[in-house]
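Worksheet: one structure, shown below.
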Amino acid sequence: MITRMSSLFLRTLREDPADAEVPSHKLLVRAGYVRRVAPGGYSWLPLGMRVLRNIEAIVREEMDAMGAQEIQFPALLPREPYEATNRWTEYGPNLFRLKDRKGGDYLLGPTHEELFTLTVKGEYTSYKDYPVTLYQIQTKYRDEARPRAGILRGREFLMKDSYSFDLDDEGLEASYQAHRAAYIRIFDRLGLQYVVVKATSGAMGGSASEEFLAEAPTGEDTFVRSTGSDYAANVEAVVTPAPPAIPLAGLPEAQVHHTPDTPTIETLVDFLNAAGLGRTFTAADTLKNVLVKTRMPGATEWELLAIGLPGDREVDVKRLEAALSPAEFAMLEESDFARHPFLVKGYIGPKALLDNGVRYLVDPRVVEGTAWVTGADKVDHHVIDLVAGRDFTPDGTIEAAEVRAGDPAPDGSGILEAARGIEIGHIFQLGRKYADAFSLDALGKDGKPVRVTMGSYGIGVSRLVAVIAEQSHDERGIIWPRNVSPYDVHLAVAGKDETQKAAAEKLAAELSAAGLDVLFDDRAASPGVKFADAELIGVPTIVVVGRGLANGVIEVKDRRTGERQDVPVDEVVPTLLGLVRG
RNA sequence: CGGGCUGUGGCGCAGCUUGGUAGCGCAUUCGCUUUGGGAGCGAAGGGUCGCAGGUUCAAAUCCUGUCAGCCCGACCA
């Protein structure tokens with residue numbers, strides 16, 4: 001197949017679009033792959049379509065290969081199924097809702113759990129029908145509060161979502177693992193650099209969940225990984241390793257000290273170190289007690305919760321949220337302090353909390369035998385050497401403290417380092433939430449109904465176009481991996497010389513006949529323009545018919561390395577076939 | 001939702017302080033020259049200056065209102 005640039009619907013831009021920040025956005029617009037039509041809405045131009053279709057094909061191949069079957073739902077959906085799962089309201093403002101002419105409520109699907117569940121329920125009734133996995137590659141809609149970074153985060157995007165239906169937990173686990181393996185094949189074929197991180201199950205109520213994150217400095221998600229193993233996790237999912245307990249025998253007695261004007265950790269540490277106690281304190285020796293209030297879904301009453309963590313660490317709101325889920329939480333207001341006089345702001349200690357029945361959870365580093373400087377529940381007073389397990393016993397531990405680069409890895413393999421990534425896939429053991437909502441049962445061998453258990457698995461297909469560009473570009477343009485490149489070779493004529501043009505025409509025809517997709521720059525532009533466009537567009541192999549032709553050679557250039565080799569005219573086709581077919 | 005910024009040919013921008021015929025670069029069209037790294041010269045087409053109201057003899061420019069967009073944060077299967 002030959003596409004002539006003289007007629008290709010393409011206009012490249014010399015300047016970056018004003019609204020673009022990240023490299024993929026700039027380059028995809030400049031090279032003419034996409035154009036913005038609305039915030040978070042992009043049109044795909046011919047070059048972009050080809051890349052998108054290539055990625056889609058790889059996803060489809062691997063999904064089919066693992067035995068998933070493709071179907072497709074409408075993007076425009078009725079309200080009722082989403083009412084049944086409560087998501088019509090629970091999904092919140094991110095759901096695009098609309099009305100038809102009769103006033104009926106509709107939505108644009110953000111994901112399709114409901115429809116898949118109902119569809120399986122409508123067709124299958126026997127245990128013999130299971131397991132089954134269905135998928136679709138569909139446009140999804142989410143009314144993102146702030147779309148950004150071009151097609152990396154739009155309000156309309158192409159997503160592959162699949163759902164597994166199994167009769168028992170073992171089956172679900174197998175379906176989950178099959179997806180995990182398929183995702184690894186897909187992302188490997190796409191040439192991506194990515195990690196699989198443990199994710200929190202969140203509000204969906206499932207058990208196991210992992211995210212596939214493509215590494216990119218412009219990524220929105222922060223994750224950590226170990227320097228000593230392939231351990232990687234979302235910050236929310238990091239489990240703090242607890243140090244060994246210390247024997248209580250021989251530990252110094254707790255002492256209350258007058259510590260005037262020390263409402264903050266910093267002022268307290270400074271005061272103690274100036275007090276001549278014969279040792280040096282750091283913020284990590286203090287136990288900071290943070291008060292929040294929590295409320296279970298559906299409950300009306302807020303409940304107090306105290307969190308004790310080393311004074312050198314802040315509470316990570318996302319980690320706290322994940323730890324408390326599904327309960328919601330809020331910071332205490334002045335009125336809450338007023339209502340509970342035993343809470344002495346700045347000097348809250350474990351004693352008052354426990355004496356007054358406030359649930360008290362501590363950081364896992366607060367193990368038995370550790371001694372702390374903490375509040376004495378009295379203005380301007382702190383207690384030193386308050387020992388966990390001797391002077392106070394918390395109600396449990398909680399993962400609420402921030403995770404920092406340099407912290408020990410949970411698997412003991414090394415220390416953690418922070419990195420950023422873009423979520424490209426998410427696999428999830430949903431369990432029976434949706435099956436319960438729609439009473440999806442299979443009739444078992446014994447004639448009794450068995451509740452089906454589900455998994456849901458997503459890949460951001462259109463996002464992958466941007467992610468690949470994000471990971472594979474240089475200052476001149478995009479560098480596509482062969483598997484997704486819009487064309488196999490980019491053929492340019494460098495001069496206007498008729499023999500060069502004729503040779504290029506002949507070569508284009510031969511390459512096409514050999515089964516390659518050729519982007520043929522037959523324009524009357526100057527060589528500089530053609531080279532610049534070729535590098536911007538990013539086809540991995542660039543072939544130049546130019547001055548070398550007089551010596552019987554044609555230039556073959558590698559887009560990534562910039563290496564060029566002169567190949568005798570009659571060897572060009574086999575050489576390129578070798579390169580492309582690898 | 002909070003903070004910051006911006007709306008002027010297809011794209012990127014200047015002009016606004018100090019009101020007076022709307023300008024530059026890229027792109028596009030034509031002619032001549034040029035042809036291995038985004039060419040040169042000459043000519044041309046293309047803009048109700050986001051929208052509404054106001055002030056004024058006169059508004060891209062001043063005033064009021066409004067809408068939209070972008071960036072940071074919050075949010076985010």
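Here the structure is a predicted model, which is why all the values come from computation and not from measurement. Just so we're on the same page: letters track the sequence lines, and every chain starts at 1.
With hydrogens and angles left out, the side chain of A:Asp533 and the base of B:G38 share a donor-acceptor pair within 3.5 Å. The base of B:G36 lies outside donor-acceptor range of the side chain of A:Gln500, with no N or O pair under 3.5 Å. In the interface, the side chain of A:Lys496 is not paired with the base of B:G36 through any donor and acceptor atom under 3.5 Å apart. Taking only distance into account, the side chain of A:Arg30 meets the base of B:G38 through a donor-acceptor pair shorter than 3.5 Å.
Residue order along RNA chain B, read from the 5' end via each residue's closest nucleotide, puts A:Ala532 first among A:Ala20 and A:Ala532.
Base contact: A:Gly546 has a heavy atom under 4.0 Å from a base atom. Within 4.0 Å of A:Ala494, counting heavy atoms only, lies at least one base atom of the nucleic acid. Using a 4.0 Å heavy-atom criterion, one finds that A:Arg11 contacts the sugar-phosphate atoms exclusively. Residue contacts for A:Arg564: at a heavy-atom cut-off of 4.0 Å it reaches a base atom on one of the strands shown. Across all strands shown, A:Glu220 has no heavy atoms under 4.0 Å from either base or sugar-phosphate atoms. Residue-level contact check: A:Glu535 touches the bases, meaning some heavy atom is under 4.0 Å from a base atom.
A cation-pi contact, defined as under 6.0 Å to the ring centre and within 45° of the axis, links A:Arg50 to A:Tyr487.
Protein atom CG of A:Asn551 is 14 Å distant from nucleotide atom C1' of B:G36, rounded to whole Å. The interatomic distance linking A:Arg35 (CZ) with B:G12 (C1') rounds to 13 Å, in whole Å. Nucleotide B:A27 holds its C1' atom 13 Å from the CG atom of A:Leu10, rounded to whole Å. Rounding to whole angstrom units, CG of residue A:Asp522 and P of B:U35 are separated by 21 Å.
With a cut-off of 3.5 Å on both Watson-Crick or G-U wobble distances, the partner of B:A74 is given as none. When both pairing distances are held under 3.5 Å, B:G45 makes no Watson-Crick or G-U pair with any nucleotide shown.
Dashed line: the shortest gap from a side-chain N or O of A:Arg14 to OP1 or OP2 of B:A27 is under 4.0 Å. At the phosphate of B:G38, neither OP1 nor OP2 sits under 4.0 Å from any side-chain N or O atom of A:Ser526.
A donor-acceptor contact under 3.5 angstrom links the side chains of A:Tyr183 and A:Lys160, judged on distance only. Side-chain polar atoms of A:Glu156 and A:Thr139 form no donor-acceptor pair below 3.5 angstrom. No hydrogens or angles considered: a donor-acceptor pair under 3.5 Å links the side chains of A:His25 and A:Tyr42.
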